[in-house]
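First comes the structure, then the notes that go with it.
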Amino acid sequence: MIEAGAPAPDFTLVDQHGGHVSLSDFRGRTVLLAFYPADFSPVCTDQLSVYQDRLGEFEDRAVQVLGISVDGAFCHKAFANQLGLTIPLLADFHPKGEVAKAYGLWSDEFGESGRGLVLVGPEGGVEWAHEAGPLELPAPELVFAALA
């Protein structure tokens with residue numbers, strides 16, 4: 001997994017609304033990249049729901065949350081609609097897993113991203129990273145502690 005101090009690889013991905021989102025769009029802001037394996041899976045559903053519920057706390061800390069998985073934009077849209085998510089969900093769909101690979105979170109075994117969190121600072125460098133186990137729900141407190 002990518003380590004703190006490394007430059008964050010830039011990317012442009014499609015979100016659940018069909019728009020293009022680049023990491024560089026957020027230069028000057030802190031961004032949490034929340035990599036997760038798949039829309040509609042139990043742990044991912046819980047993880048994104050918790051982040052949505054706590055979105056105000058991320059915003060209070062001036063952190064933009066971006067969810068990233070290998071699911072396509074249409075799947076992300078259905079997932080966001082079902083859960084009432086406003087967090088941008090980015091499709092690392094084609095070439096499949098390219099961004100997850102760049103951040104060291106790709107799983108060849110499962111053909112999807114692993115679960116991990118990466119804080120990208122305002123200047124575009126990785127400030128903190130956490131690789132979670134497949135069934136671990138990384139709590140927002142991990143991020144808040146890293147920001148402190």
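Note: hydrogens, waters and symmetry copies are ignored here, and every other heavy atom, side chains too, is used.
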If we only count heavy atoms from C-beta on, is the [X] to [Y] side-chain gap below 4.5 Å?
| X | Y | answer |
| --- | --- | --- |
| Phe11 | Leu90 | yes |
| Gln47 | Leu117 | yes |
| Val50 | Pro140 | yes |
| Val63 | Leu147 | yes |

- Message: So, using side-chain contact (heavy atoms from CB on, under 4.5 Å) as the criterion, who are the partners of Pro37 when residues are at least two apart?
- Response: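 Pro37 satisfies side-chain contact (heavy atoms from CB on, under 4.5 Å) with Cys44, Glu112, Arg115 once adjacent residues are dropped.
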Work out which heavy atom in [X] is nearest to a heavy atom in [Y]; give both atom names and the distance.
| X | Y | result |
| --- | --- | --- |
| Pro122 | Glu127 | CD-OE2, 3.7 Å |
| Phe26 | Val31 | CB-CG2, 3.4 Å |
| Ser69 | Tyr36 | CB-O, 3.0 Å |
| Gln52 | Leu85 | OE1-CA, 3.4 Å |
| Phe40 | Ala78 | CZ-C, 3.7 Å |
| Ser49 | Thr45 | OG-O, 2.8 Å |

- By salt bridge (charged side-chain N to carboxylate O under 4.0 Å, His left out) - contacts of Glu57 (at least two apart):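 If we apply the salt bridge (charged side-chain N to carboxylate O under 4.0 Å, His left out) test to Glu57, skipping adjacent residues, the hits are Arg54.
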- Glu123: what forms a salt bridge (charged side-chain N to carboxylate O under 4.0 Å, His left out) with it, not counting sequence neighbours?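 Not a single residue meets the salt bridge (charged side-chain N to carboxylate O under 4.0 Å, His left out) criterion with Glu123.
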Under 4.5 Å between side-chain heavy atoms, hopping through other hydrophobics if needed: is there a path connecting [X] to [Y]?
| X | Y | answer |
| --- | --- | --- |
| Tyr51 | Leu119 | yes |
| Trp128 | Leu33 | no |
| Val118 | Ile68 | yes |
| Met1 | Leu137 | no |
| Val126 | Leu32 | no |

- Query: Crowded around Phe74 CZ? As in, over 12 foreign heavy atoms under 6.0 Å?
  - Reply: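 No.
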Let me check something: any side-chain donor-acceptor pairs from residues 93-105 under 3.5 Å, sequence neighbours excluded? List them with distances.
{"from": "Lys96", "atom 1": "NZ", "to": "Gly111", "atom 2": "O", "distance (Å)": "3.0"}
{"from": "Tyr103", "atom 1": "OH", "to": "Pro9", "atom 2": "O", "distance (Å)": "2.7"}

- Message: Can you confirm whether the side chains of Asp39 and His76 place a donor and an acceptor under 3.5 Å from each other?
- Response: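 Side-chain D/A pair, Asp39 to His76: present.
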Atom pairs and distances, side-chain donor-acceptor, residues 16-24, under 3.5 Å, sequence neighbours left out:
{"from": "Gln16", "atom 1": "OE1", "to": "Leu89", "atom 2": "N", "distance (Å)": "2.7"}
{"from": "Gln16", "atom 1": "NE2", "to": "Ile87", "atom 2": "O", "distance (Å)": "3.1"}
{"from": "Ser22", "atom 1": "OG", "to": "Thr12", "atom 2": "OG1", "distance (Å)": "2.5"}
{"from": "Ser24", "atom 1": "OG", "to": "Asp10", "atom 2": "OD2", "distance (Å)": "3.3"}

- Message: Apply the hydrophobic cluster definition, ILVMFWY joined by side-chain contacts under 4.5 Å directly or through others, and give me every member besides Trp106.
- Response: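 When side chains under 4.5 Å apart are linked, the cluster holding Trp106 also contains Val70.
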